[in-house]
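Written below as structure tokens is the structure these notes are about.
Chain letters run A, B, ... following the sequence lines, proteins first and then strands; every chain starts at 1.
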There are 2 protein chains.
Amino acid sequence: MAYRIGELAKLTKLSEHTLRFYEKEGLLVPKRNDSNIRVYSEDDRLWADFIVHMKGTGMSLEDLKKYKVLRESESENYEELVAILVHHKDNVEAKIAEYQHNLELMNKKIDMYRQYINGNDEKDLYQRFVEGKNTKNE
Amino acid sequence: MAYRIGELAKLTKLSEHTLRFYEKEGLLVPKRNDSNIRVYSEDDRLWADFIVHMKGTGMSLEDLKKYKVLRESESENYEELVAILVHHKDNVEAKIAEYQHNLELMNKKIDMYRQYINGNDEKDLYQRFVEGKNTKNE
DNA sequence: CCTTGACTTAGAGTTGACTCAAAGGTGTAG
DNA sequence: CTACACCTTTGAGTCAACTCTAAGTCAAGG
């Protein structure tokens, strides 16, 4: 299977602009056909998907470029590749933990507001509770 | 308890620059003492912490400003406040789900690489599985 | 033939959230 | 007295990752 830029754009939900931008950046460089049209291979598509996933969890294009270099080198740098992945995984896990913590805070706050809406009148106490008095850890 | 800008900066891990920037933006506006020094109240600190938490999960300063307006209005817009919170919560939950999905992908990839490092020789199959890369010449 | 989708270069503009700089001035604790 | 933390204004700079524009050319399909 091979794709032209418009097709790949649809598949990856990246814009054509972005795809050309990635090419300029050396991150995703398709072959060209006789008419100089970009032809993305199946491999390119998978790599594009990978990019989308990784940047979706906060990996920078710079890091993706580094990863790409390693991945394409003949020197079998699998340990390095794994190290990058593990490092990023750790970051993502930390992010998840932080998000979950903040989710709890939000849920508490929401509950408090709802209680208040349902007639609790102790506004001062309420405000203190909701906006932080017992959410102060760290 | 009251804090000067340097103290609050330490507590919140925001820079003094940022705190002044937030003031300019109307997001966190402390009182001043007779010498025109910013004096952050306990409430201000709590609000600052809240800002840190929320922006840590991707809420924009714009949204935080809207939240602040609602929160400070006398018109008891608690439903609206809750709506904002719930909306943001939904976003955060979606983000967590996405992150977890990508975590799985990464873990699979890491396992594959490790298997390969430990002597599996089916490079083509492996590469295709991991990134869709195969060893066809490019 | 005409539309569609592709191509080019080069550079400018956007966004959000800072971040810093210059070049002063003031107030207070030790 | 001196150091230090604080204050001011205005505006410029930074960063990543796009996003778009102009102004043109080109090739294939219905």
Close N/O contacts between protein and nucleotides 9-18 of chain D (under 3.5 Å):
from, atom 1, to, atom 2, distance (Å)
dA17(D), OP1, Leu61(A), N, 3.4
dA17(D), OP2, Leu61(A), N, 3.4
dC18(D), OP1, Lys55(A), NZ, 3.4
dC18(D), OP2, Tyr22(A), OH, 2.5

Could you list the protein-to-nucleotides 21-25 of chain D atom pairs, N/O on both sides, closer than 3.5 Å?
none

Under 3.5 Å between N/O atoms: give me all the protein pairs with nucleotides 26-30 of chain C, atom names plus distance.
from, atom 1, to, atom 2, distance (Å)
dG27(C), O3', Ser35(B), OG, 3.4
dT28(C), OP1, Ser35(B), OG, 3.3

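Ring geometry for Tyr113(A) against Tyr78(B) counts as tilted: the plane angle lies between 30° and 60°, on a 0 to 90° scale.
Separating the CD atom of Glu16(A) from the C1' atom of dC20(D) is a distance of 13 Å, rounded to the nearest angstrom. Across the protein-nucleic acid pair, Ile5(A) atom CD1 and dC26(D) atom P stand 20 Å apart, rounded to whole Å. When the P atom of dA6(C) is taken as reference, atom CZ of Arg32(A) falls 12 Å away, rounded to whole Å. In this structure, Ile51(B) atom CD1 and dA17(C) atom P are separated by 12 Å, rounded to whole Å. Atom CG of Asn33(B) is separated from atom P of dC6(D) by 11 Å (rounded to the nearest Å). With rounding to whole Å, Glu23(A) atom CD is found 13 Å from dA6(C) atom C1'. Rounded to whole angstrom, the span from the CG atom of Leu19(B) across to the P atom of dT8(D) amounts to 12 Å.
The shortest distance between the side-chain N/O atoms of Arg38(B) and the OP1/OP2 oxygens of dC6(D) is not below 4.0 Å. The phosphate of dA21(C) has neither OP1 nor OP2 within less than 4.0 Å of any side-chain N or O from Arg20(B).
Residue Lys65(B) qualifies as enclosed at atom NZ: its count of foreign heavy atoms under 6.0 Å is above 12.
Take Asn107(A) and apply the side-chain hydrogen bond (donor to acceptor under 3.5 Å, both in side chains) test, not counting sequence neighbours, and it matches Lys89(B). By the side-chain hydrogen bond (donor to acceptor under 3.5 Å, both in side chains) test, Tyr3(B) is found to be paired with Glu42(B), Arg45(B), residues two or more places apart in sequence or in another chain being considered. Residues satisfying the side-chain hydrogen bond (donor to acceptor under 3.5 Å, both in side chains) criterion with Thr18(B), sequence neighbours excluded, are Ser15(B).
Contact annotation: the side chain of Lys13(A) never approaches that of Val52(A) to less than 4.5 Å [non-hydrogen atoms, C-beta and beyond]. With a 4.5 Å cut-off on side-chain heavy atoms, Arg20(A) and Arg38(A) count as touching. Two residues are said to be in side-chain contact when any heavy atoms from C-beta on lie closer than 4.5 Å; Phe21(B) and Leu27(B) fail this criterion. Considering only heavy atoms from C-beta on, Met54(B) comes within 4.5 Å of Leu64(B) through its side chain.
A donor-acceptor pair under 3.5 Å is formed between the side chain of Lys68(A) and the backbone N or O of Gly26(A).
Taken to the nearest 0.5 Å, the CD atom of Gln100(B) stands 12.5 Å off from the OG1 atom of Thr57(A).
As judged by a 4.0 angstrom heavy-atom cut-off over every strand, Glu25(B) is placed among residues making no nucleic acid contact.
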